[in-house]
Number of protein chains: 2
Amino acid sequence: MTVIFSKKCEIGLQAVLFLSTQNSNTLFNAHKIAEKVKQPKEFVSKVLQILTKSGIVGSKKGKNGGFFLAKSPAEVKLIEIVLAIDGKSVFENCVLGFPACSNDNPCPVHNQWGKLRDEAYLMLSKESLSDLKYKTLKKIVSL
Amino acid sequence: MTVIFSKKCEIGLQAVLFLSTQNSNTLFNAHKIAEKVKQPKEFVSKVLQILTKSGIVGSKKGKNGGFFLAKSPAEVKLIEIVLAIDGKSVFENCVLGFPACSNDNPCPVHNQWGKLRDEAYLMLSKESLSDLKYKTLKKIVSL
DNA sequence: CATATATCAGATAAATTTTTCTGATTTAAT
DNA sequence: ATTAAATCAGAAAAATTTATCTGATATATG
């Protein structure tokens, strides 16, 4: 099982993180990216299609084509990738699975989870891909 | 999609929370519990079997049988239910899905997520079912 | 213009998770 | 004893998610 994001989303995050460490003039095809993040090529390709539609990633068809970061790494936050792939339900639904969990009708851990959820959102919104670049490089190299 | 726990686990948490608001001398059969937490009877029954094996819930077979909290609500923490059903992988795996994420080989958000993960663990370990009783009652009534 | 190599779109397959079903066993009550 | 009502165990079905395949289209290059 994944932690809080879907597998799709994890792969999307990994792929974008990888792209952010590379010169955005250089294209990487799905095969190359899949190899870098050690994930199945077709799945990576599918996820990159989603991210292409949402404008985070750009693609070029045909020979010597591939994918690239469509925005400057300084402008992209991880939260964008999460929202584009998994949507916002992780940040809205009750952690215990109760329906209609809200301030007016809270579950037993509503406030505590609310705080953690907001901090998680912040964690993904605060730093840009360029802020994370050094750490990302170190991690990618180790894969 | 669920937030961080599986559906099994959500139902387990809800069922145990419900039981903790009731006199532990009284038995509730799967049908009744399912009705209370508004979830499919057979699924509730399956999850209660898991919790019975792990000793959190007790069961009595035969006519007038049913389930009950096997421990005092003052002794049970939500984390026990989570570990019994989903295991500890949520608290161990990399939130970005990278393999071998560790202090020696951290992902770009390793430390930040580590903090949140620990706080989530604490949130589930700190208060007992009896501490949560008032809040639980209020929520259950509203379902 | 022809060819090789990409993405892209959508269908299909496989795997996993969720849900339901069936039958066996247990037990209280008559 | 017999019966009714419950858990329990495991299989089966349905749904969802993950992964793969196929064919169409696009494009750089010779």
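Below, read A as the first sequence line, B as the second, and so on, with proteins coming before strands; counting in each chain starts at 1. Just so we're clear, the structure is a prediction, and the values are computed from it rather than from any experiment.
- Among the nucleotides dT19(C), dT7(D), dA19(D), the one closest to the side chain of Phe67(B) is dT7(D).
- Here dG23(C) presents its C1' atom at 14 Å from CD of Glu42(B), a figure rounded to the nearest Å.
- Taking atom CD on Gln49(A) and atom C1' on dT25(D), their separation rounds to 13 Å, with Å as the unit.
- When distances run from any side-chain atom of Asn29(B) to the nucleotides dA6(D), dC8(D), dA9(D), the shortest one goes to dA6(D).
- You'll find that the side chain of Lys53(A) is closest to dA9(C), out of dA9(C), dT18(D), dT18(C).
- Here Phe28(A) and Phe67(A) keep their ring centres 6.0 angstrom or further from each other.
- The distance between atom CD of Gln39(B) and atom P of dT18(C), rounded to the nearest whole Å, is 12 Å.
- For the pair Lys41(B) NZ and dC8(D) P, the computed distance is 12 Å after rounding to whole Å.
- Regarding Lys8(B), its NZ atom lies at a distance of 13 Å from the P atom of dT16(C), rounded to whole Å.
- For the pair Phe43(B) CZ and dC8(D) P, the interatomic distance rounds to 17 Å; values are reported in whole Å.
- Closest contact between the side chain of Lys46(A) and the listed nucleotides dA19(D), dA9(C), dT19(C) involves dA9(C).
- Counting any heavy atom pair closer than 4.0 Å across all strands shown, Ser45(A) reaches no nucleic acid atom.
- The existence of a salt bridge linking Glu75(A) and Lys71(A) is excluded, since no basic side-chain nitrogen approaches an acidic carboxylate oxygen closer than 4.0 Å.
- The shortest side-chain heavy-atom distance between Tyr121(B) and Leu83(B) falls under the 4.5 Å cut-off.
- A donor-acceptor contact closer than 3.5 angstrom is absent between the side chains of Ser102(A) and Asn105(A).
- Met1(B) places its CE atom 11 Å from the P atom of dT18(C), with the value rounded to the nearest Å.
- Taking the charged nitrogens against the carboxylate oxygens, Lys32(A) and Glu35(A) do have a contact shorter than 4.0 Å, which makes a salt bridge.
- Gln112(A) is listed as a side-chain neighbour of Glu127(B), based on a closest heavy-atom distance under 4.5 Å.
- Of the possible polar contacts, one joining the Glu80(B) side chain to the Lys77(B) backbone as a donor-acceptor pair under 3.5 Å is found.
- The Ser59(A) side chain lies nearest to dC8(C) when the options are dC8(C), dT18(C), dT18(D).
- The nearest whole Å value for the distance from the CG atom in Leu51(A) to the P atom in dA9(C) is 13 Å.
- Listed nucleotides dT7(C), dA9(C), dT17(D) differ in distance to Ala30(A); the shortest reach to its side chain belongs to dT7(C).
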- prompt: Which letters describe nucleotides 24-30 of chain C, given B = protein heavy atom under 4.0 Å from base, S = only from sugar-phosphate, - = neither?
  reply: --BBBS-

